[in-house]
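Here's the structure, in structure tokens; my notes come after.
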Amino acid sequence: MTFAFRGLAAAGAFIALGFPAYAQTEVKIGYALAPESHYGVAAKKFEEVVLAETGDQFKFTHFPSSGLGGEREVIEGLQLGTIEATIVSSGTLANFVPETGVFDIPFLFRDLDHARSVLDGPIGQDILAKFDAVGLHALAWGEQGFRHITNNRNAIHTPADVQGLKIRTMENPVHLAAFEAMGAAPTPMAWPEVISSLQQGVIDGQENPLSVIVSVKLNEVQKYLTLSGHVYSPAMLLVSKPFWEGLDDDQKAAFEKAATEAVTAMRGFVSNVETTGVETLKERGMEVNELSPEEKAEFQASIKSAYEGYYKTYGQELVDSIVNFQ
Ligand code: PAF
């Protein structure tokens, strides 16, 4: 029986008995960015497909712009079963499933296609499967694009330009190690504190992909944008394990289909902003420079000591197999 038909039959039976139609299950979905961002677009698509597949069995409530707190808090809410779904960056994911940290290694991926094929291939899918052991169910990898540095101190061309730069990083040990190795002064910080910390000068800069820089209008609080593309930024569509276990097989299939379509929409959005975002930010007054291949190589060389740590943590074989994945 299809969901729609089953829904109608159930509703009909209740109405015939004089009861209101059955209650809908609420899906609270939280994410850090605005409804018009890549997260908002994906969350909307996720809802649309779940509703199309299941009739009116579920009711979505969106909490954009960190409405339910920082990403770590939201993931903990999923574990507790107080929040049903989220779209998050890989920022704090390694605190829950340490293996995810491998994808946060700088200069790991050549381009978006490379990253997408690794995440959708066996290495990425094996890591998704590990979330069930920690009270979460990971439905799919999404993405934000490649991260770039913004700051208010100076334009950045070489590692000398980031010496002592007070830069906010995600609460992510892999990123932190890289910025320490470069000679910057990184401060891990939850996203909801970042804009006010930039406004108050507590930090000089931050790093995020164009998708975020454009949608949050970071140009209002940052002067320089350096297209460093130092690291790819994955995202993930997660649901609460208690919620997932309460679904029947047809409902699970509907959520899986919805997740696939949601991340396709997210990736489409990111591909677009990766090509249009720089012009938008220039028009909004940012001073933009792109690292030349030689400058990029200098940054890569500057984090050699961090790479030694990454090899120890994740295994050189795994890191090399990702780098060489065709
Ligand atoms: O920088 C971060 O913490 C993340 O990229 C953000 C902006 C919260 C989106 O997930």
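Each residue takes its place number in the sequence, starting with 1. Note that ligands are numbered from 1 as they come in the structure, with each ligand's atoms numbered from 1 the same way.
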Contact partition for [X] relative to ligand 1, non-hydrogen atoms under 4.0 Å:
X	answer
Arg168	side chain
Gln144	side chain
Met236	neither
Ala32	side chain

* Asked: When hydrophobic residues are tied together by side-chain contacts of less than 4.5 Å, even through go-betweens, does Val88 share a cluster with Val194?
  -> no
* Structure fact -> Numbered in order shown, the ligand 1 atoms found under 4.0 Å of a heavy atom of Met170 are 1 (O), 2 (C), 3 (O), 4 (C), 5 (O)
* Under 4.0 Å from a heavy atom of Tyr39: give me the atoms of ligand 1 that qualify, with their elements. => 9 (C), 10 (O)
* Asked: Taking atom types as modelled, is there a side-chain donor on Thr150 or Gln206 under 3.5 Å from an acceptor on the other?
  -> yes
* Check whether any side-chain heavy atom of Phe299 sits under 4.5 Å from a side-chain heavy atom of Met182, and report yes or no. => yes
* Compute the minimum heavy-atom distance from Val88 to ligand 1 and say whether it is under 4.0 Å. => no
* Could you tell me whether ligand 1 has any atom less than 4.0 Å away from a heavy atom of Tyr31? => no
Tell me, which protein residue and heavy-atom name are nearest [atom], and how many Å apart are they?
atom	value
atom 7 (C) of ligand 1	Trp191 CD2, 3.6 Å
atom 6 (C) of ligand 1	Glu71 OE2, 4.2 Å
atom 5 (O) of ligand 1	Asn208 OD1, 2.7 Å

* Should the pair Glu245-Lys241 be classified as a salt bridge under the 4.0 Å nitrogen-to-oxygen rule? -> yes
* Answer yes when Lys45 and Glu48 have at least one side-chain N-carboxylate O distance shorter than 4.0 Å, and no when they do not. => yes
* Structure fact -> Which of Leu128, Leu78, Ile83 passes side-chain contact (heavy atoms from CB on, under 4.5 Å) with Leu238? It is Leu78
* Name the orientation class of the two ring planes belonging to Trp141 and Phe103 (parallel below 30°, tilted from 30 to 60°, perpendicular beyond 60°). => perpendicular
* N or O pair under 3.5 Å between Arg147 and ligand 1 -> yes
* Candidates Ser233, Ser89, Ser37, Ser90 - the one meeting side chain to side chain donor-acceptor pair (under 3.5 Å) with Gln144 -> Ser233
